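Input: a single structure, listed below in structure tokens.
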Amino acid sequence: MTTSTTRPKVLQLGEVFFAQKKWEELAKTAEVVECTSSNREEFFKDLKSKYSDITNIARTFQSIEQTGRFDAELASHLPESVKSISHCGAGYDQIDVDPFTEKGIQISNVTEPVEGPTALTAVFLCLSAMRNFQEGHDNLVRGEWPAKGKAGGAKLGHEPEGKTVGILGMGGIGRAIKERLLGFGFEKYIYHNRSKLSNELTAGSEYVSYDELLAQSDVLFISVPLNKNTHHLINADAFAKMKEGVVVINTARGPVIDEKQLYKELKSGKVGAFGSDVFEFEPEVPAELAQLPNVISLPHMGTHSSEAIRNLEEWVVENILAYISTAYVSI
Ligand SMILES: O=CC(=O)O
């Protein structure tokens with residue numbers, strides 16, 4: 001990395017809700033410029049004029065509405081001065097990393113602050129899906145209790161007793177899910193990952209092959225990043241290998257599951273219940289899927305809490321400060 005003596009200029013892409021203090025701290029060492037471009041075309045134009053000397057970019061998940069995806073086309077419009085991009089989220093699915101790293105631009109994401117809140121969401125979805133709480137709630141709201149009988153007519157649920165939890169993707173979020181489930185009384189925890197992790201990281205859970213994970217899980221948590229290898233990873237072939245009545249929970253990304261196929265599996269009962277925070281074409285969610293009684297769905301709320309957003313936003317600034325402190329000799 002080459003060092004520089006010029007004052008860094010950080011482009012703030014997307015709204016900051018809670019981390020104003022942290023941004024003020026950054027403003028002591030860098031010039032901060034708020035991005036006002038309202039669409040991709042304007043953004044590309046502004047990169048040649050207003051933002052032609054920016055050195056770092058901080059972007060939020062929502063800012064995709066202003067700029068579109070961070071892809072090769074966008075990379076080709078960035079001024080040579082850009083050295084790092086800090087993304088306010090865990091998933092890299094809005095960013096094609098290679099075109100940026102090929103230009104020597106460092107990309108960073110948010111890891112730890114996302115893990116607990118996302119895992120909490122997964123646990124909520126799991127408990128609700130196993131016990132049909134959503135169906136009971138909906139029937140109550142529709143005034144069908146007691147007319148439809150006990151529990152408003154909701155189907156009998158299942159307890160963790162004797163059940164195997166399977167975690168596909170044992171990164172920070174996968175591990176946080178396992179840790180938060182430990183007190184609920186499941187029988188066994190298994191996981192599949194690109195490689196087996198140390199026991200220190202995964203204590204209490206057993207590494208199994210992908211096929212074994214599908215075959216043995218009573219509740220399957222999807223916790224892999226979306227990329228070309230994981231797009232539609234959970235397809236007809238994968239469902240065929242699962243247990244009858246498996247509960248599937250997705251807090252990763254919608255397109256990891258073939259949603260059309262999932263609908264068929266839910267209708268047939270092969271998938272007993274589905275809990276999801278993410279959808280293949282979100283924010284479009286097929287009504288026929290969301291309205292199934294054995295589906296509990298959320299509109300991508302994994303980190304939708306003030307504490308989580310504050311921690312994510314602060315982490316983004318930390319990433320910029322870390323870059324600046326190593327790349328600049330005097331600021
Ligand atoms: O979905 C949320 C994230 O990627 O952080």
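These figures come from a predicted structure and were not determined experimentally. We count ligands from 1, going down the list as the structure has it; atoms in each ligand are counted the same way. Nothing fancy with the numbering, it's 1 onward along the sequence.
In this structure, Phe61 shares a hydrophobic cluster with no other residue, the cluster being traced through Ile, Leu, Val, Met, Phe, Trp and Tyr side chains under 4.5 angstrom apart.
Near ligand 1, residues Gly89, Ala90, Gly91, Val114, Arg253, His300 each place a heavy atom inside the 4.0 Å sphere around the ligand atoms.
Checked by atom type, the side-chain pair Glu65/Gln62 shows a donor-acceptor distance below 3.5 Å. With 3.5 Å as the limit, one finds no donor-acceptor pair spanning the side chains of Thr251 and Asp277. In summary, the side chains of Asn311 and Glu307 do not present any donor paired with an acceptor at a separation below 3.5 Å, with no hydrogens or angles considered.
In this structure, Arg59 satisfies the cation-pi test against Phe70, with its NZ or CZ atom closer than 6.0 Å to the six-membered ring centre and inside 45 degrees of the ring normal.
We find that Asp71 and Arg40 are joined by a salt bridge, their nearest charged nitrogen and carboxylate oxygen being less than 4.0 Å apart.
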